[in-house]
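Residue numbers start at 1 and run along the sequence shown. Note that these values count all heavy atoms, side chains included, but never hydrogens, waters or copies made by symmetry.
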Amino acid sequence: DVFPPHQQGQVRAQLAATLNGVVCQTLVKRASGSGRAVATEVMMATPAIANLIREGKTYQIPSAMQTGARHGMMLLNDALEKLVKAETVEPMEAYDRSIDKEEMAKKLKLLGFDVEAHQAAVTAKPLPAMASAPARPAGEVPKDNGAWVVKPKEPPKPQEVAPPNNPPGVQWRRPNG
């Protein structure tokens with residue numbers, strides 16, 4: 001919440017009054033392997049959507065978008081489902097790009113693709129001996145969604161250091177800090 005609590009109602013009312021719509025697009029790898037396809041989510045500011053924004057019930061917006069399909073609204077999962085049906089994208093690519101994974105898994109299951117079974121089969125397969133992992137940027141580690149994040153570096157540990165003319169039996173330590 002960016003705005004102080006006493007201003008949030010006013011900001012929601014202003015947003016509900018001025019918003020016309022929102023379009024969100026993402027590019028998805030084509031099943032053919034060449035190029036990308038666009039998946040689009042569209043929300044129009046209907047009176048129902050504006051009311052949900054004013055009342056702070058934004059968690060209900062996806063349901064209102066589904067019922068508002070006649071106004072041109074479409075959820076990202078619905079767009080991804082259309083691309084899978086048209087065999088433009090692979091089911092797992094659509095699942096990976098989905099925001100609501102549970103709902104997308106249900107949609108894919110109705111199309112005859114079981115996400116859980118696919119994931120279990122993929123994790124059960126041993127990697128080939130010469131399999132190459134995707135190029136990893138230096139100092140980065142993979143996240144659950146396949147993206148790379150920078151791993152914080154650990155501070156260097158103090159080391160015992162001796163100057164070039166170290167007297168016998170004297171140990172020198174590098175000062176901390």
Pairwise distance [atom1]([X]) to [atom2]([Y]) - rounded to 0.5 angstrom:
{"X": "Leu52", "Y": "Thr58", "atom1": "CG", "atom2": "OG1", "answer": "8.5 Å"}
{"X": "Leu108", "Y": "Glu103", "atom1": "CG", "atom2": "CD", "answer": "10.0 Å"}
{"X": "Asp78", "Y": "Met65", "atom1": "CG", "atom2": "CE", "answer": "8.5 Å"}
{"X": "Glu93", "Y": "Leu80", "atom1": "CD", "atom2": "CG", "answer": "9.0 Å"}
{"X": "Leu19", "Y": "Arg12", "atom1": "CG", "atom2": "CZ", "answer": "14.5 Å"}
{"X": "Ile49", "Y": "Gln60", "atom1": "CD1", "atom2": "CD", "answer": "10.0 Å"}

Heavy-atom pair with the smallest gap, counting every atom of [X] and [Y]:
{"X": "Arg30", "Y": "Ala37", "result": "CG-N, 3.9 Å"}
{"X": "Met73", "Y": "Ala64", "result": "CE-O, 4.2 Å"}
{"X": "Leu75", "Y": "Pro62", "result": "CD1-O, 3.8 Å"}
{"X": "Ser98", "Y": "Asn77", "result": "OG-OD1, 2.6 Å"}
{"X": "Thr67", "Y": "Arg70", "result": "O-NH1, 3.2 Å"}
{"X": "Ala50", "Y": "Ala16", "result": "O-CB, 3.3 Å"}

Linked, directly or transitively: [X] and [Y] (ILVMFWY side chains, under 4.5 Å):
{"X": "Met74", "Y": "Val22", "value": "no"}
{"X": "Ile99", "Y": "Leu83", "value": "yes"}
{"X": "Val38", "Y": "Val28", "value": "no"}
{"X": "Val115", "Y": "Val84", "value": "yes"}

* **Any donor-acceptor pair under 3.5 Å from Gln8 side chain to Phe3 backbone** => yes

* Without swapping roles, check the side chain of Arg97 against the backbone of Leu27 for a donor-acceptor pair under 3.5 Å. => yes

* Give every residue pair that meets the ring-ring contact (aromatic ring centres under 6.0 Å, His included) criterion with at least one member in residues 50-108, sequence neighbours excluded. => none

* May I have all residue pairs that pass ring-ring contact (aromatic ring centres under 6.0 Å, His included) and include part of residues 9-57, sequence neighbours excluded? =>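 Found none.
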
* Crowding at NZ, Lys101 (>12 non-hydrogen neighbours, <6.0 Å) ->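 Yes, the 6.0 Å shell around NZ holds more than 12 heavy atoms from other groups.
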
* **Atom CD of Glu87 with >12 non-hydrogen neighbours under 6.0 angstrom** =>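 At most 12 heavy atoms, drawn from other residues, nucleotides or ligands, come within 6.0 Å of this atom.
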
* Stepwise, does the side-chain contact (heavy atoms from CB on, under 4.5 Å) test hold for Gln119 with Met92? -> CA-CA 9 Å; Gln119 289 175 330; Met92 279 309 293; 4.1 Å; yes

